[in-house]
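Heads up: the structure comes next, in structure tokens.
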Amino acid sequence: MKGLRHFLEQEIRQRLKDRGVEVEVRLSLPPRPEMGDYATNAAFLMARTLRRPPGELARELAKWIQDLPAIARADASGGFVNLTLEDAFLVQQLKEVFTEDPLPPLPTRTRERVVVEFVSANPTGPLNVVNARAAAVGDTLVRVMRFAGIPADREYYVNDAGGQIRALQGSIEYRAGRRETLPEDGYGGTYVADLARALDRENIPVAQWAKEAVRRILEGQLEVLRRYRVTFEAVVRESWIRESPYPQLVKERLAPYLYEKEGAVYFRSTAFPDFRDDKDRVLIRSNGEPTYFFWDLAYHLYKADRGYTRLIDLWGPDHQGYIPRMKAGLEALGVGGHQLEVMIVQQVNLFREGQRVRMSKRKGEFYAMEDLLEEVGVDATRFFMLQRAVNTPLDFDLTLARTLSQENPVYYVQYSHARVVNLLKYAREKGHAPEFSWLEGFTHPAERTLGRMLLRFYDLVQDVADSREVHRLPHYLLDLSRTFHQFYQNVRVVTEASRETRRRLALVEMFRRVMKAGLDLMGVEAPERM
RNA sequence: GCCCCCGUAGCUCAACGGGACAGAGCAGCGGAUUUCUAAUCCGCAGGUUGCAGGUUCGAGUCCUGCCGGGGGCGCCA
């Protein structure tokens with residue numbers, strides 16, 4: 001068991017079970033480090049059902065578990081039980097958990113198969129900054145899940161059919177002077193003019209323009225994403241879905257929930273109280289054209305059909321109201337509405353020199369994802385995008401992200417990696433290599449603090465994978481960096497004393513591995529020098 | 001009018017099933033360096049968690065109402 005906390009929780013749960021007590025023991029960090037390594041509120045939880053005072057139960061609980069080999073001390077404090085771990089146990093864990101380089105992912109621990117769909121921008125223009133946020137989150141979530149032993153894939157959906165494509169066609173025609181007016185819902189960006197010029201010059205038949213434009217725009221989007229270190233296991237086109245058997249399947253399976261009104265076919269989404277849709281939804285318009293909702297259901301059925309048991313979608317805030325009908329639809333399709341998990345990625349506000357940057361100018365020009373990568377780079381962009389909980393709006397400070405200095409958290413973290421690499425290199429030049437087996441205890445408090453922080457890594461990875469709270473990863477790495485910098489400040493590693501040097505180098509090497517693994521999960525570079 | 005998200009230090013944000021004295025970074029002030037990289041470290045200061053009630057042994061977290069910001073309420077996608 002690689003997660004220290006998860007391991008201890010199980011140990012304690014088992015011990016209590018032996019005493020005839022069943023309680024979901026959860027360990028947390030005590031408010032102040034001197035109180036111990038972990039704390040549990042289990043006594044409070046037991047108090048309710050056993051109808052006994054928590055303080056008393058905590059003392060009893062402490063007595064029951066204090067002789068566990070991992071535990072040096074268990075102190076009851078109020079209703080809490082604070083645990084201090086045995087140094088020997090911590091060291092043994094460190095040596096066991098961090099032996100391999102690079103750190104290996106956890107073994108598969110579920111039958112679930114996850115597909116995360118994100119960005120899925122319309123192929124009618126360049127990617128924007130919210131797409132950059134969704135890309136960072138979706139990609140990192142997949143990386144973390146895989147590392148945590150949950151099979152997961154990335155997917156990109158292309159709406160290359162329907163009204164917007166007609167609008168694109170019309171917009172290009174207009175820009176090429178083949179049409180009097182811009183369509184009402186047309187696109188006015190300069191990229192449309194560029195496309196018009198190119199397509200015209202290359203003598204592409206006018207009827208092919210939209211198709212060709214979509215191809216080029218999509219390629220451009222995927223290229224920007226590749227530069228951002230995001231690739232997809234699958235890119236699925238709506239035009240392909242339309243030709244597939246899935247639309248027919250949707251019609252058949254939804255039949256019991258369909259009715260006609262005013263010439264249109266409605267899906268009775270309100271028939272599923274679990275998902276609380278306000279009203280029934282049109283599936284087929286009165287003119288015979290299916291709605292976007294219909295094609296989207298077909299697409300999601302296709303996902304389930306490929307063996308995915310959990311469908312995670314990252315949507316923009318303007319799609320909030322779309323969730324209930326989609327879940328109801330999947331329920332009716334037999335996929336199960338609860339299999340769909342929608343993460344709403346909130347907006348991104350750009351600031352430069354403290355001033356709000358207007359993202360959309362007139363004529364369809366806007367600050368695009370490419371501009372962001374060019375201005376602040378991939379590392380800073382990914383790091384900043386991952387730092388906040390996805391369902392809260394994000395203020396992105398371009399000036400700060402660009403700053404090559406102390407106040408920039410990206411460099412703080414990267415610097416700790418560069419520093420540790422340099423330290424190991426220096427040691428090697430002096431003839432010292434890390435020796436794990438010589439690590440038997442701690443000779444300085446900062447060593448223990450660092451070791452304890454390292455052992456949180458696999459716990460964190462599992463927590464992030466389960467909770468989907470990707471922002472906890474950069475926060476942990478920031479914390480871990482701080483701990484390492486403190487260690488570095490307080491503990492001289494390379495000295496004349498060869499044995500002490502080499503056992504300290506073992507701890508240093510473990511830090512390097514964890515930091516490297518953590519940065520990899522975020523898709524952020526781990527520099528060797530800065 | 002109804003639905004969803006957000007409101008925590010001057011600024012940007014944490015707070016892991018409701019848990020202990022609400023924590024970081026930045027900005028501010030004061031210190032540490034002829035370094036195994038100072039892109040670092042240490043210290044000081046900074047709070048009625050938007051407001052008012054409620055539930056609970058215990059609320060930033062749950063419930064109700066209100067205020068403020070954002071988004072949605074199409075036979076658009």
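Every chain is numbered from 1 and lettered A, B, ... according to where its sequence line falls, protein lines coming before strand lines.
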Q. For RNA chain B, which residues in residues 288-300 of chain A have a heavy atom at a distance below 4.0 Å?
A. Tyr292(A)

Q.
Any N or O donor-acceptor pair under 3.5 Å from the base of C16(B) to the side chain of Ser28(A)?
A. no

Q: Report yes or no: does Thr501(A) contribute a side-chain atom to a donor-acceptor pair with the main-chain N or O of Val494(A) at less than 3.5 Å?
A: no

Output one line per pair: protein atom, nucleotide atom from nucleotides 11-14 of chain B, and distance, for all N/O pairs under 3.5 Å.
unit_1	atom_1	unit_2	atom_2	d
U12(B)	O2'	Arg388(A)	NH2	2.7
C13(B)	OP1	Asp395(A)	N	3.2
C13(B)	O5'	Arg388(A)	NE	3.3
C13(B)	O2'	Arg388(A)	NH1	2.9
A14(B)	OP1	Ala389(A)	N	3.0

Q. Does the pair Tyr259(A) and Asp280(A) meet the rule for a side chain to side chain donor-acceptor pair (under 3.5 Å), with working shown?
A. CA-CA 10 Å; Tyr259(A) 64 90; Asp280(A) 295 337; 2.6 Å; yes

Q. Rounded to the Å, how far apart are Leu45(A) CG and A20(B) P?
A. 14 Å

(Q) By nearest atom, which of the nucleotides A20(B), A77(B), G17(B) is closest to the Arg26(A) side chain? (A) G17(B)

Q) When rounded to the nearest Å, what value does the distance between P atoms of G1(B) and C66(B) take? A) 10 Å

Q. How far, in whole Å, is G31(B) from C13(B) if one measures between their P atoms?
A. 32 Å

For nucleotides 8-10 of chain B, print each protein N/O atom paired with a nucleotide N/O atom at under 3.5 Å, atom names and distance only.
none

Q: Fit a plane to each ring of Tyr322(A) and Phe293(A), take the angle between them on a 0 to 90° scale, and name the class: parallel (under 30°), tilted (30 to 60°) or perpendicular (over 60°).
A: perpendicular

Q: May I ask you to decide if Tyr157(A)'s main-chain N or O and Ser120(A)'s side chain share a donor-acceptor pair within less than 3.5 Å?
A: yes

Q: Could you tell me the separation between the NE2 atom of His485(A) and the C1' atom of A39(B), rounded to a whole number of Å?
A: 8 Å

(Q) Tell me whether the side-chain N/O atoms of Gln347(A) come closer than 4.0 Å to OP1 or OP2 in G71(B). (A) no

Q: Answer yes or no on whether Lys261(A) is positioned over the face of Tyr266(A), meaning its NZ or CZ is under 6.0 Å from the six-membered ring centre and within 45° of the axis.
A: yes

Q) Are the side chain of Arg512(A) and the backbone N or O of Val421(A) linked by a donor-acceptor pair below 3.5 Å? A) no

Q: Could you check whether Asp280(A) gets within reach of a base, just the sugar-phosphate, or nothing at all, counting any heavy atom under 4.0 Å?
A: nothing

Q: Sugar-phosphate atoms are those with a prime plus P, OP1 and OP2; base atoms are the rest. Using that split, label each nucleotide of nucleotides 57-63 of chain B B, S or - for protein heavy atoms under 4.0 Å, 5' to 3'.
A: BB-----

Q) Roughly how far apart, to the nearest Å, are A15(B) and C73(B) at atom C1'? A) 34 Å

**Q.** Positive for side chain to side chain contact (heavy atoms under 4.5 Å, CB included) with Leu477(A), one of Leu519(A), Leu386(A), Leu521(A)
**A.** Leu519(A)

Q.
Please tell me if Asn408(A) has a side-chain N or O lying less than 4.0 Å from either OP1 or OP2 of A39(B).
A. no

Q. Is the phosphate of C16(B), meaning OP1 or OP2, less than 4.0 Å from a side-chain N or O of Arg456(A)?
A. no

Q: Kindly say whether Ala418(A) contributes a backbone atom to a donor-acceptor pair with the side chain of Asn422(A) at under 3.5 angstrom?
A: no

(Q) For a side chain to side chain donor-acceptor pair (under 3.5 Å) check, start with the C-alpha distance between Gln486(A) and Thr449(A), then their side-chain angles and the critical distance, and finish with the verdict. (A) CA-CA 10 Å; Gln486(A) 286 165 345; Thr449(A) 308; over 6 Å; no

**Q.** Separation between the C1' atoms of C5(B) and C42(B), rounded to whole Å
**A.** 40 Å

(Q) Assess the residue pair Arg499(A) and Glu435(A) against the criterion (salt bridge (Lys or Arg N to Asp or Glu O under 4.0 Å)); give the C-alpha distance rounded to whole Å, side-chain angles, the decisive distance to 0.1 Å, and a yes or no. (A) CA-CA 9 Å; Arg499(A) 194 179 177 94; Glu435(A) 182 51 62; over 6 Å; no

Q) Do Asp479(A) and Arg482(A) meet the salt-bridge criterion of a basic N to acidic O distance under 4.0 Å? A) yes

Q: With sequence neighbours excluded, tell me which residues meet ring pair (Phe, Tyr, Trp, His ring centres under 6.0 Å) with Tyr302(A).
A: Trp240(A), Tyr246(A)

Q. At under 4.0 Å between heavy atoms, what does Ala427(A) touch on the DNA or RNA strands: base, sugar-phosphate, or nothing?
A. nothing

Q: Taking only the side-chain nitrogens and oxygens of Arg482(A), find out if one of them lies under 4.0 Å from OP1 or OP2 of G23(B).
A: no

Q: Could you check how far CZ of Phe487(A) sits from C1' of C42(B), rounded to whole Å?
A: 18 Å

Q) Using 4.0 Å as the upper bound for N to carboxylate O, is an ion pair formed by Lys303(A) and Glu117(A)? A) yes

Q) Closest to the Gln320(A) side chain: A39(B), C4(B), A20(B)? A) C4(B)

Q | Rounded distance (Å) that lies between atom P of A27(B) and atom CG of Asp397(A) | A | 12 Å

Q: Could you tell me the separation between the CG atom of Asn422(A) and the P atom of A39(B), rounded to a whole number of Å?
A: 12 Å

Q. Closest nucleotide of RNA chain B for Ser286(A) versus for Phe80(A): which of these residues is on the 5' side?
A. Phe80(A)

Q) Is there a donor-acceptor contact under 3.5 Å from the side chain of Ser239(A) to the main chain of Ala161(A)? A) no

**Q.** Shortest side-chain distance from Gln489(A), nucleotide among A20(B), A32(B), G71(B)
**A.** A32(B)

Q: List the steps, then state whether salt bridge (Lys or Arg N to Asp or Glu O under 4.0 Å) holds for Asp37(A) with Arg448(A).
A: CA-CA 10 Å; Asp37(A) 298 313; Arg448(A) 192 179 190 282; 2.9 Å; yes

Q.
Nearest whole Å is fine: how far is U33(B) P from Tyr488(A) OH?
A. 16 Å

Q. With a non-hydrogen cut-off below 4.0 angstrom, is Ser467(A) in contact with a base, only sugar-phosphate, or nothing?
A. nothing

Q.
Please classify the nucleic acid contact of Lys279(A) as base, sugar-phosphate, or nothing, using heavy-atom distances under 4.0 Å.
A. sugar-phosphate

Q.
Suppose you measure atom C1' in C6(B) against the same atom in G50(B); what distance do you get, rounded to whole Å?
A. 12 Å

Q: Would you mind classifying the nucleic acid contact of Val491(A) as base, sugar-phosphate or nothing, using non-hydrogen atoms under 4.0 angstrom?
A: base

Q) Which dot-bracket notation, 5' to 3', represents the base pairing of RNA chain B when pairs are defined as Watson-Crick or G-U with both distances under 3.5 Å, crossing pairs as [ ], and inter-strand pairs as |? A) (((((((..((((.....[...)))).(((((.......))))).....(((((..]....))))))))))))....

Q.
Both Ile284(A) and Ser416(A) contact RNA chain B. Which one's nearest nucleotide lies toward the 5' end?
A. Ser416(A)

Q.
Using only atom types and a distance under 3.5 Å, with no angle test, would you say the side chain of Ser171(A) pairs donor to acceptor with the backbone of Gly186(A)?
A. no

Q. Whole Å only: how far is the CD atom of Glu9(A) from the C1' atom of G17(B)?
A. 11 Å

Q) Between G17(B), A39(B), C75(B), which nucleotide gets closest to the side-chain atoms of Glu24(A)? A) G17(B)

Q) Expressed in whole Å, how much space separates the P atoms belonging to G23(B) and U64(B)? A) 29 Å

Q.
Taking C57(B) as the reference, what is the distance to G43(B) when you measure between their P atoms (whole Å, please)?
A. 39 Å

Q: Would you kindly give the CD1-to-P distance between Ile344(A) and C3(B), to the nearest whole Å?
A: 18 Å

Q | Spacing of the P atoms in C51(B) and U61(B) (rounded, Å) | A | 11 Å

